[in-house]
Amino acid sequence: MASVNSLASTLQQQLADALTAALPDAGTADPLLRRSDRADFQANGILALAKKLKGNPRELASQVTAAIPEGGPIKEIEVSGPGFLNITLSDRAIVETLAARAADEDRLGVPYDTAAGTTVIDYAQPNVAKEMHVGHLRSAVIGDAMVQILEFTGETVVRRHHIGDWGTQFGMLIQYLIEHPGELSHEGGAEDGEAAMSSLNRLYKAARALFDSDEEFKARSRDRVVALQAGDEETLALWQRFVDESKIYFYSVFDKLDMNIRDADIVGESGYNDMLEETCRILEESGVAVRSEGALCVFFDDVKGPDGNPVPLIVKKSNGGYGYAATDLSAIRDRVQNLKASTLLYVVDARQALHFKMVFETARRAGWLNEDVKAVQLAFGTVLGKDGKPFKTREGETVRLQDLLDEAIDRASAVVREKAKDLTEDEIAERAAQVGIGAVKYADLSTSAARDYKFDLDQMVSLTGDTSVYIQYAHARSRSIKRKAGELSPRPHPELELAPAERALGLHLDEFGEVVSEVATAYEPHKLAAYLYQLSSLFTTFYDQCPVLKAEVPGDVAENRLFLSDLTARTLSRGMALLGIRTPERL
């Protein structure tokens, strides 16, 4: 179905046309339309225009209002103050626009750009043979939400999980496994992630202890690194076992996070090995990179160390080894040249901002990034404990992500059980997972990615305040109204006069498409979370002030209110799904 123009965009166009008609000397003018607490909307653009034309703003405002054709969405327009336009829309226009949105079953009238480009999004980057911890949470959650949002708006999205699956530590691990062949096995099934991680953890600790205490083992491990990089078959086969075992664990965590991770999406550091030498050759031959003290480096005028000397991006070390930069630059080449990306989006910790600034600038100098291809770091802040310091266990250890998610589900289970009236134990467990994981995701996504945020499970699973549980409860309440409605159907009635709470809810529902488009363009999922929270708040006011199913409510009013309630539930469900959060039908 075709997209539905919002009332704001229709109004914006009408005012722009009226400005041009009334004031042809003004050229293209922006009415500067915004929501207002004095009316539905206020247009402030005439003030700047009057200054430019050296005219009286109130007189100009009157000329503009006279040029607006009758029969549109505007019910009332008044000139206020020094030339503001206060605009009130008709109730009919609100309901008719919402009816058009409701008729679009899947998209609710949100535009779909068939000419959108291809975005390769790099997110959720765990390390092979290492446990995922709280530091891995934000990249996974923010990245998954951006995948859903971008795909919904028409972008072709290629997922990339750039896992840490290469490097010197694997020489140590593989050598230990060769000498202790029974160590990498777990008794669980193929899907038992906890057992897989336990096995890997045990082996890693034992290998590290031996590496630190036995010089001969350390030497054998270093030889094993050389064999791995040279492509020795036995070494590669054992390396693959580490990768496969780790994937069992990764998938179990991502599954708990309600995220769909596919094998084809995982292209780790090792995936670019064959490109590294060529990447370095191209950079050196083009003069982008130069030799400095035996290393291949790229220098920048604006990147200096504390001593004032330039700090280079080291692409190839003086000993012949490759740094992270060589891998990242090779990944850019692959994503631009082979995957035909128009945008590269990196959901990466803000502390890596300098590294990526240098990598992107190097890629620009090499011609891999240009006017047609951009690279963006969606940088995120740190997860903090209630004390405002980086989140740690009481023992000062990094918090395991699996433990965090399990605790969230346990807390949510208590909330669901308290509210549950007619749910079975299985249904309570299912809802607890949806509420608990939703709470963790929403707390992350409702904060601007660039900011740090405090991880407070008590607040996250609260039924009050800006939480996913509050939004899920509003959705479930709307679904409950519909179940109890019996023969009554949700049906729009444009001829009715709307109560203030109905108007406020309706105008906010109409903003959904614009919010989604803005979030997709600016990579700011927190704005979608804020929209959904406000929608839930407006629905709660509507629920309190506008009874739907009471006997004294006329049939057409009840149908119209049921229509508003139903569209709210559908918008909440669709919006939360774009954030990767489920909305249960009952809570």
Side-chain angles (χ1 to χ4, degrees), residues 122 124-132 136 160-186 196-251 263-281 283 294-296 314-334 355 359:
D122 189 323
Q125 310 105 345
N127 293 309
V128 165
K130 288 185 179 177
E131 281 190 296
M132 291 178 71
H136 291 111
R160 277 293 175 266
H161 304 295
H162 191 83
I163 63 172
D165 65 351
W166 204 248
T168 53
Q169 67 164 333
F170 286 98
M172 173 189 84
L173 292 168
I174 293 165
Q175 189 60 36
Y176 187 85
L177 189 58
I178 287 172
E179 296 175 16
H180 304 81
E183 287 293 303
L184 190 59
S185 61
H186 63 263
M197 196 63 245
S198 175
S199 175
L200 285 165
N201 247 354
R202 193 170 57 247
L203 188 145
Y204 186 91
K205 287 177 180 175
R208 170 55 68 183
L210 191 58
F211 186 86
D212 291 341
S213 63
D214 186 330
E215 288 300 321
E216 290 184 0
F217 176 74
K218 185 180 287 187
R220 292 195 298 276
S221 297
R222 287 175 175 155
D223 290 342
R224 188 59 58 182
V225 175
V226 176
L228 176 64
Q229 292 174 340
D232 174 68
E233 283 190 22
E234 180 195 17
T235 305
L236 278 175
L238 290 170
W239 166 81
Q240 190 64 51
R241 280 191 65 191
F242 280 107
V243 173
D244 292 343
E245 199 82 359
S246 296
K247 280 183 182 178
I248 294 170
Y249 164 68
F250 295 158
Y251 290 155
D263 245 22
D265 305 331
I266 297 179
V267 182
E269 294 169 353
S270 63
Y272 306 101
N273 282 344
D274 294 343
M275 299 178 69
L276 300 180
E277 187 54 47
E278 187 181 20
T279 296
C280 292
R281 180 181 59 75
L283 292 173
L296 186 63
I314 299 174
V315 184
K316 193 173 186 178
K317 301 171 188 173
S318 56
N319 66 1
Y322 299 102
Y324 287 122
T327 305
D328 288 334
L329 288 163
S330 297
I332 288 176
R333 282 179 58 214
D334 175 61
H355 169 77
V359 166

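Everything numeric here is computed off the predicted structure, so don't read it as measured data.
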Evaluate the criterion side-chain contact (heavy atoms from CB on, under 4.5 Å) for residue pair L296 and I314; output intermediate values, then yes/no.
-> CA-CA 6 Å; L296 186 63; I314 299 174; over 6 Å; no

Side-chain heavy-atom pair Q175, F211 within 4.5 angstrom cut-off = no

Do W239 and V243 come close enough that some side-chain heavy atom pair is under 4.5 Å?
-> yes

Would you indicate whether the side-chain heavy atoms of Y251 and D263 approach each other to under 4.5 Å?
-> yes

I would like to know whether D244 and R241 meet side-chain contact (heavy atoms from CB on, under 4.5 Å); could you show each step before the answer?
-> CA-CA 5 Å; D244 292 343; R241 280 191 65 191; 5.8 Å; no

Between L228 and I174, the two heavy atoms sitting closest are CD1-CD1, 4.3 Å

Interatomic distance, CZ@R160 vs CD@Q125, rounded to 0.5 Å, equals 13.0 Å

Residues which pass side-chain hydrogen bond (donor to acceptor under 3.5 Å, both in side chains) with N201, listed by chain and number, not counting sequence neighbours = E131

Mind listing the side-chain donor-acceptor pairs of residues 161-173 below 3.5 Å, one per line with the distance, residues two or more places apart or on another chain?
from, atom 1, to, atom 2, distance (Å)
H161, ND1, Y123, O, 2.9
H161, ND1, A124, O, 3.4
D165, OD1, E269, N, 3.0
D165, OD1, S270, N, 2.8
D165, OD1, S270, OG, 3.4
D165, OD2, S270, OG, 2.6

Rounded distance [0.5 Å steps], CD in Q240 versus CD in E245 = 12.0 Å

Between A129 and F242, what is the shortest heavy-atom contact and its length?
-> CB-CD2, 4.4 Å

Please step through side-chain contact (heavy atoms from CB on, under 4.5 Å) for the pair D232 and R224, ending with a clear verdict.
-> CA-CA 9 Å; D232 174 68; R224 188 59 58 182; 4.0 Å; yes

For Q229, what residues pass the side-chain hydrogen bond (donor to acceptor under 3.5 Å, both in side chains) criterion, not counting sequence neighbours?
-> none

Give a yes or no on whether the backbone of K130 and the side-chain of N127 come within a donor-acceptor separation of less than 3.5 Å.
-> no

Could you tell me the separation between the NZ atom of K218 and the CG atom of D223, rounded to the nearest 0.5 Å?
-> 13.5 Å

With sequence neighbours excluded, tell me which residues meet side-chain hydrogen bond (donor to acceptor under 3.5 Å, both in side chains) with R222.
-> none

Per the side chain to side chain contact (heavy atoms under 4.5 Å, CB included) rule, which among T327, L329, D334 passes with M275?
-> D334

Given the rule in the side-chain contact (heavy atoms from CB on, under 4.5 Å) test, do I178 and R220 qualify, once you have shown the distances and angles that lead to the verdict?
-> CA-CA 11 Å; I178 287 172; R220 292 195 298 276; over 6 Å; no

Pairwise distance CZ(R208) to OG(S221) - rounded to 0.5 angstrom | 9.5 Å

Could you pull out every donor-acceptor pair under 3.5 Å between side chains of residues 315-325 and any protein atom, sequence neighbours left out?
from, atom 1, to, atom 2, distance (Å)
K316, NZ, E277, OE1, 2.9
N319, OD1, G321, N, 2.8
Y322, OH, E277, OE1, 2.4

Output all residues satisfying ring-ring contact (aromatic ring centres under 6.0 Å, His included) with H180, sequence neighbours left out; order by chain, then residue number.
-> Y176

